[in-house]
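Below you'll find the structure, written out as structure tokens, and then a few comments.
Everything quoted here is computed from the prediction, not taken from an experiment. Every number for a ligand or one of its atoms is a count from 1 in the order of the listing.
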Amino acid sequence: MAVSPPSRLALRGDLLDFTAAPVWGETASSAVRFRPDHWLLIDGGRITGAQPAAEPLDPSWQAVDHRGRLILPGFIDTHVHSPQLDVIASHGTALLDWLDTYTFPAERRYADPAEAEAGAARFLDALIAHGTTSAVVFATVHKVSADTLFAAGEARGMRLITGKVLMDRHAPDGLRDDVDQAERDCTDLITRWHGHGRLSYAVTVRFAPTSTPEQLAMAGRLCATHPGVYMQTHVAENQDEVRWVAELFPEARSYLDVYARAGLLNARGVFAHGIWLDDTDRAALHAAGAQIAHSPSSNLFLGSGLFDWRAAEAAGVAVSVASDVGGGTSLSIPRNLADAYKVQAMRGERLSAWTALHASTRGAAHALGLGHEIGSLDAGATADVCVWDWATGAVAERRHSVATALHEQVFAWMTLADDRNLAAAYIAGVPRFQRAPAPC
Ligand code: GUN
Ligand code: ZN
């Protein structure tokens with residue numbers, strides 16, 4: 001339902017965002033903009049500025065007092081699967097068996113329009129309730145799954161990038177399309193949804209093994225014919241998968257090269273995982289301006305590997321952070337960032353809260369070409385904003401109370417917070433999530 005944003009809304013809290021990319025490893029960073037106890041001013045769905053709470057607020061503002069809470073730009077989840085809430089936390093498999101055993105059967109249900117519609121609403125409401133206000137999403141192979149997701153995104157006013165999955169081989173009955181029908185379906189979806197409000201289409205190649213070379217070429221044509229559409233896929237997630245791709249595409253230099261040859265490596269490309277890439281692949285990603293959607297919780301849960309964030313950064317490749325639910329175990333970006341820290345620790349690196357949070361807000365926005373709209377608390381940005389408790393529960397409260405430096409406080413928050421910390425979420429200035437008051 002279209003809801004007009006309240007005019008002149010002021011939110012009081014501790015404002016945190018970024019004005020540049022933090023330097024890897026720095027815990028004191030000039031890229032961090034921290035404005036403790038300020039009013040964030042929102043008019044007509046856009047941020048118009050901020051002022052210290054100590055200065056009197058003009059009474060024309062509708063004031064919402066969240067003092068003592070943290071106010072961040074809404075998180076951007078750059079890789080997540082809407083139908084996979086049904087298989088989150090499924091036991092005992094690595095990627096290829098996990099797809100066959102759990103994921104494909106669940107995705108088949110989305111052929112049913114009623115199931116797809118209910119699933120889209122459930123999924124987007126869950127994202128928002130975890131503090132994620134923008135997302136790059138895999139629907140299923142069924143056109144109706146993308147249609148219903150776009151409609152649900154529009155109803156919530158979200159910046160949503162999604163598309164129908166392309167998959168014409170190595171998938172069970174009920175989950176395969178074919179090149180011609182898929183091209184017609186994608187073209188129709190692009191015509192009706194791409195650039196409609198805050199919605200964008202993503203040509204969605206599941207991964208190289210489930211598309212014929214003809215289908216990959218068709219996907220490349222779609223990207224060329226419709227400038228501005230995104231492209232999302234998986235790459236180099238799991239070593240068995242990488243070996244399979246090498247068997248299926250012996251002519252390609254690498255897994256990434258399969259996509260490059262099909263015209264799918266471009267600045268609008270969002271490549272999930274990228275664990276088993278080499279320097280040549282990273283140079284190609286950098287040259288194309290494509291990004292890696294790093295999915296730490298998924299990589300740990302499916303035992304896929306430890307992503308080399310430092311090498312990607314050194315090669316100049318943009319890295320954003322993604323939940324990859326249902327391979328991942330939480331829609332919560334803070335939970336995923338806590339896992340990202342642990343993945344880097346296993347590699348002997350120390351991920352700062354600044355690099356982590358930047359990758360989930362301003363960094364992701366810039367990599368998507370949407371830095372003017374989302375990912376910051378800049379004046380002029382759309383007011384996608386979340387209000388968080390600094391701590392919930394006795395342990396986190398004690399940790400917060402003894403933290404002194406800003407990075408210490410924010411790192412403890414990132415490591416300990418989850419959806420229970422979320423007090424409110426605003427999308428384009430409209431309150432879309434409000435935590436229920438605690439029972440007396
Ligand atoms: N590779 C191909 N499909 C999928 C999927 O649904 N999830 C993950 N994590 N990897 C994939
Ligand atoms: Zn995925």
Side-chain angles (χ1 to χ4, degrees), residues 77-90 92-110 119 123 127 132 135-142 145-146 149 161-172 175-177 202-211 215-216 219 230-245 248-249 255-256 258-259 264 269-277 291-307 320-331 336 339 343:
D77 186 339
T78 54
H79 177 76
V80 58
H81 299 254
S82 64
Q84 293 184 13
L85 288 187
D86 291 9
V87 297
I88 190 170
S90 291
T93 51
L95 175 65
L96 299 177
D97 287 341
W98 174 80
L99 287 171
D100 289 337
T101 311
Y102 300 114
T103 309
F104 288 156
E107 293 194 5
R108 216 168 2 202
R109 293 203 277 275
Y110 279 61
F123 169 72
L127 270 190
T132 294
V136 185
V137 183
F138 270 57
T140 67
V141 74
H142 315 100
S145 73
L149 203 48
I161 300 170
T162 189
K164 173 208 122 55
V165 169
L166 295 168
M167 187 153 61
D168 67 346
R169 65 168 171 175
H170 299 139
L175 277 187
R176 287 187 311 276
D177 52 13
V203 173
T204 302
V205 175
R206 176 165 219 124
F207 66 157
T210 46
S211 285
Q215 189 173 62
L216 293 175
Y230 291 88
M231 196 293 302
Q232 57 176 343
T233 192
H234 298 87
V235 71
E237 173 178 4
N238 163 295
Q239 285 177 296
D240 289 337
E241 171 211 20
V242 173
R243 276 189 284 273
W244 192 21
V245 171
L248 291 170
F249 300 91
Y255 191 158
L256 183 73
V258 174
Y259 298 132
L264 295 168
V270 182
F271 291 85
H273 307 294
I275 299 169
W276 305 102
L277 299 175
Q291 70 179 291
I292 294 177
H294 170 39
S295 306
S297 301
S298 168
N299 297 164
L300 294 172
F301 185 72
L302 294 176
S304 303
L306 303 174
F307 173 64
S320 52
V321 174
S323 69
D324 192 30
V325 161
T329 47
S330 176
L331 289 177
N336 279 271
D339 280 345
V343 168

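- If you look at His234 and ask which of its N, O or S atoms sits nearest the Zn ion (ligand 2), the answer is NE2.
- The atoms of ligand 1 that sit less than 4.0 Å from any heavy atom of Leu99 are 2 (C), 3 (N), 4 (C), 5 (C), 6 (O).
- At a threshold of 2.8 Å, the Zn ion (ligand 2) has a backbone or side-chain N, O or S atom of Asp324 nearer than that distance.
- Taking atom 10 (N) of ligand 1 as the reference point, the nearest protein heavy-atom neighbour is Glu237 OE1, 2.7 Å.
- Using a 30° and 60° split on the angle between ring planes, His81 and Phe138 fall in the tilted class, from 30° to 60°.
- Taking distance alone, with nitrogen or oxygen atoms compared against 3.5 Å, Asp324 approaches ligand 1 more closely than that limit.
- The closest side-chain heavy-atom distance from Pro172 to Arg108 is below 4.5 Å.
- Closest to atom 6 (O) of ligand 1, if we only count protein heavy atoms, is Arg206 NH2, 2.7 Å.
- The residue Thr210 has no part lying near ligand 1, judged by heavy-atom distances below 4.0 Å.
- No side-chain heavy atom of Thr233 sits under 4.5 Å from any side-chain heavy atom of Arg206.
- Within the structure, ligand 1 has Trp98 among the residues with a heavy atom less than 4.0 angstrom away.
- Annotation: the span from Gln215 atom CD to Leu166 atom CG amounts to 4.5 Å, rounded to 0.5 Å.
- Side-chain atoms of Leu306 and Asn299, non-hydrogen and from C-beta on, never get closer than 4.5 Å to each other.
- Numbered from 1 in the order shown, with element, the atoms of ligand 1 that lie under 4.0 Å from a heavy atom of His273 read 9 (N).
- Between Phe271 and Tyr259, the two ring planes are tilted [angle within 30° to 60°].
- Taking NE2 from His79 and CD from Gln232, the interatomic distance works out to 7.5 Å, rounded to the nearest 0.5 Å.
- For ligand 1, the polar-atom distance check against Gln84 finds a nitrogen or oxygen pair separated by under 3.5 Å.
- By the 30° and 60° cut-offs, the orientation of the rings of Trp244 relative to His170 is tilted.
- Neither the backbone nor the side chain of Glu241 comes within 4.0 Å of ligand 1, counting heavy atoms alone.
- With Asn336 as the fixed residue, the side chain to side chain donor-acceptor pair (under 3.5 Å) test singles out one of Ser330, Ser295, Ser323, Ser297: Ser297.
- By the criterion of a heavy-atom distance under 4.0 Å, neither the backbone nor the side chain of Phe301 is placed next to ligand 1.
- Here the angle at the Zn ion (ligand 2) defined by NE2 in His79 and NE2 in His81 stands at 100°, rounded to 10 degrees.
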